[in-house]
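Structure first, commentary second.
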There are 4 protein chains.
Amino acid sequence: MSAADPSRGMPDRTDAVLRATLELAREVGYARLSIEGIAARAGVGKHTVYRRWPSKGAVFLDALLSTLKADLSYPDTGDIVADLRTQMNAARTLLGSDSYGPLYAALVGEAQHDPAITQAVYERWIKPLSDGTRERLRKAREQGQLSAEHDLDTIVALLYGPLYYRFLLIPGDYDAAFVDAILHAAFTGLSPKPE
Amino acid sequence: MSAADPSRGMPDRTDAVLRATLELAREVGYARLSIEGIAARAGVGKHTVYRRWPSKGAVFLDALLSTLKADLSYPDTGDIVADLRTQMNAARTLLGSDSYGPLYAALVGEAQHDPAITQAVYERWIKPLSDGTRERLRKAREQGQLSAEHDLDTIVALLYGPLYYRFLLIPGDYDAAFVDAILHAAFTGLSPKPE
Amino acid sequence: MSAADPSRGMPDRTDAVLRATLELAREVGYARLSIEGIAARAGVGKHTVYRRWPSKGAVFLDALLSTLKADLSYPDTGDIVADLRTQMNAARTLLGSDSYGPLYAALVGEAQHDPAITQAVYERWIKPLSDGTRERLRKAREQGQLSAEHDLDTIVALLYGPLYYRFLLIPGDYDAAFVDAILHAAFTGLSPKPE
Amino acid sequence: MSAADPSRGMPDRTDAVLRATLELAREVGYARLSIEGIAARAGVGKHTVYRRWPSKGAVFLDALLSTLKADLSYPDTGDIVADLRTQMNAARTLLGSDSYGPLYAALVGEAQHDPAITQAVYERWIKPLSDGTRERLRKAREQGQLSAEHDLDTIVALLYGPLYYRFLLIPGDYDAAFVDAILHAAFTGLSPKPE
DNA sequence: AGTTAAACGAGACGGTACGTCAGGTCTTCAT
DNA sequence: ATGAAGACCTGACGTACCGTCTCGTTTAACT
């Protein structure tokens, strides 16, 4: 999915293409994005794009995820709920932003049509983030802040699933209160309170 | 989004179009689906398609959701966890099936590009289902099987969010154990057990 | 090779395409002529060109030969040599003109690469002209102005071959004197004069 | 147009390129010949081709005419008509052959689009041959076998024009009888026999 | 029963973009 | 310092669909 190694010296146009892709995607939306347009905007031949990426989705994925570099890392204040809240709100803010939200939505959309994108989205976006979450959860569990009886992957899904569910399937934005409600429900549990 | 009323008598080709759409979608995938192809397969002029639906996504949505009619309704055995398990597994089975899973994924994908589809997916798929869930949850709460302190929408998101998260963002299938794990964690809560 | 019959009433863009083809061919030359350019100049979709003609050469052939309609017909003054001289000079003038000469040369050039063009060039250009010549020669023979011992096709080749030979294979223009010389030699014969 | 002198010792790839050009031209035809393909077939970089020749036509011209070396030279049996017949039939056989005919036709075709090719075709193919013809005709004239009243260039055109006319403009092969007919008509003349 | 008007199949049309190919230039590396 | 390799921009190729737009042609409801 990523560009090949140029190795043998030539002016690498990869960055120009990725930059143009992000610009265009923001201007006209993913649906009207085209390789033709990207090449023109980057001042590059179409072949130069096709040489590196097999599809419009692949260019877009590289363009978008190259901005994700070190954003959503994890804090560790010692309070697992507070740290989850911080990080989940960072994710919520990114996905809810006008400049990035629609692009991430479009990327997930494309992933539903193209298995290669599915895989890359998982490996370069979802997995790194859930790995970070899992690490933080592991530490919390060692410190006795987390029930030991649940699998860490299950917990990650329980916490982040609702976020993506709202993001992808429910029209309209959502705010920090939703994150709070999810965290509260997840930690408290749904079972009725014993007397 | 739905077909108009034909009023003056003529053989309604709506069904033929929807049937052809589903067939083609299964054969070539949503990405290579085209209105041109649908019309040809249905033995219908392109205009007949455009008369009723504004876009390929809209035809596809009608075609797919017309099969959703009354599948995922709710049982009521008196045991809320058992009933949730039943229904969540029904959803898992549908989304995980070879014949429908990719189509629902494609529909969610299209929804990320087209606001009209987003809205229709919510109103005709997500909302009816979550309404059903909410009703069942309400009854359970009245019967004291559910903690009263959480919003019903929050609970729906907590339970179904993880399902869609796995479905849309994690490559590979998942089985009933995942549903069990989510239900168990959601009902138990993540907080450490008091001594 | 020719455009299909439109029959069912629609605005026929054939003429617009042919006109644009001739214009462009004169402006940029046949080598740089392109179907893309023709369509753009004619204000027509590329498919509209491809629907009617299988190749750039075919469009060009139709465009060029549509101007040939009734030009090079035959006079009949009763003097076969004078009439041949008149007609051969008309051909020489047409092929030698700046506006048509290069186009006819290009058409012959294209015919060497594409059998369909070869055939069409023969049937719609060469054959009609040589048929006219043959008719005029036949009459002359009946009037005793022509030796009866030669095949008419041979005579046509003997008279027009040299013209095309100069046109296609010898750089530089030629004038009426060349036509005179050919006519004189052809009618006199190469054998040494008997005493 | 010709390859540069390599002079300083290095493996001269000129021959490899010319050989590859002829092979490819015979396999796929001139129209689908490409410098890209020639370079690949010859195991040579594209630049190595462009360094020596300015265009595909130029390579092809060198490749084809390098086989013409000394084929069509002139016999001298003392009988001008017999010698012309011999040589014209040699030309007819070469141009009519399956392996060379289409290539020569393609070369003439290319000459109609590219003035540099036109010139080279004339200087390296047409002119040498017609020079040979003219020499033989001159000798015949000195021996009284030829009318003195016609220009030698006119005679060459009168004899060879019809051959190229048939070759380039009339579909279908032709045989020795055509050469005989042309020679007979040219020597006899078209004027009616005096009583 | 004949009339009428819609919806229909067919498909041409001007377009946009596709993904491929070749053109010709230029740089790098190995010999 | 030459030549093989091949990246690069350019531009045309021929194809596939887009969404709009006539065309006659059903066809069923209303005269």
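Every chain is numbered from 1, with letters handed out A, B, ... down the list of sequences.
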Hey, does the side chain of R13(C) come within less than 4.0 Å of dG14(E)'s phosphate (OP1/OP2), counting only N and O? yes

Without decimals, in angstroms, what is the distance between L24(A) CG and dA17(E) P? 10 Å

Return the value, rounded to whole Å, for the distance between atom CH2 of W53(A) and atom C1' of dC18(E). 18 Å

Any ion pair linking R41(B) and E36(B) (charged N to carboxylate O, less than 4.0 Å)? no

Contact check, residues 36-46 of chain C vs DNA chain E, heavy-atom distance under 4.0 Å, returns G43(C), V44(C), G45(C), K46(C)

Would you say R32(D) reaches dA22(E)'s phosphate, i.e. side-chain N/O to OP1/OP2 under 4.0 Å? no

Let me confirm one number: the OG1-CD distance from T118(D) to E123(D), rounded to the nearest 0.5 Å. 11.0 Å

Is any side-chain N of the basic residue among R124(A) and D62(A) closer than 4.0 Å to the acidic one's carboxylate O? yes

Side-chain contact test, heavy atoms from C-beta onward, threshold under 4.5 Å: evaluate it for V121(C) versus L65(C) and give yes or no. no

According to a strict under-4.0 Å criterion, is R51(A) in side-chain N/O contact with OP1 or OP2 of dC8(F)? yes

Just the rounded figure in Å: distance from P of dG14(E) to CD1 of I35(C). 15 Å

Base of dC26(E) paired with side chain of H47(D) (donor-acceptor, under 3.5 Å): yes

K56(C) NZ to dG11(F) C1': how many Å, rounded? 13 Å

Relative to the 5' end of DNA chain F, which residue comes earlier, S34(B) or T48(A), by the nucleotide with the nearest heavy atom? T48(A)

Salt bridge check: are K56(B) and D114(B) linked by an N-O gap of less than 4.0 Å? no

Round to the nearest Å and state the distance from F60(B) atom CZ to dC17(F) atom P. 17 Å

Close aromatic pair by centroid cut-off 6.0 Å: F60(B) and W53(B): no

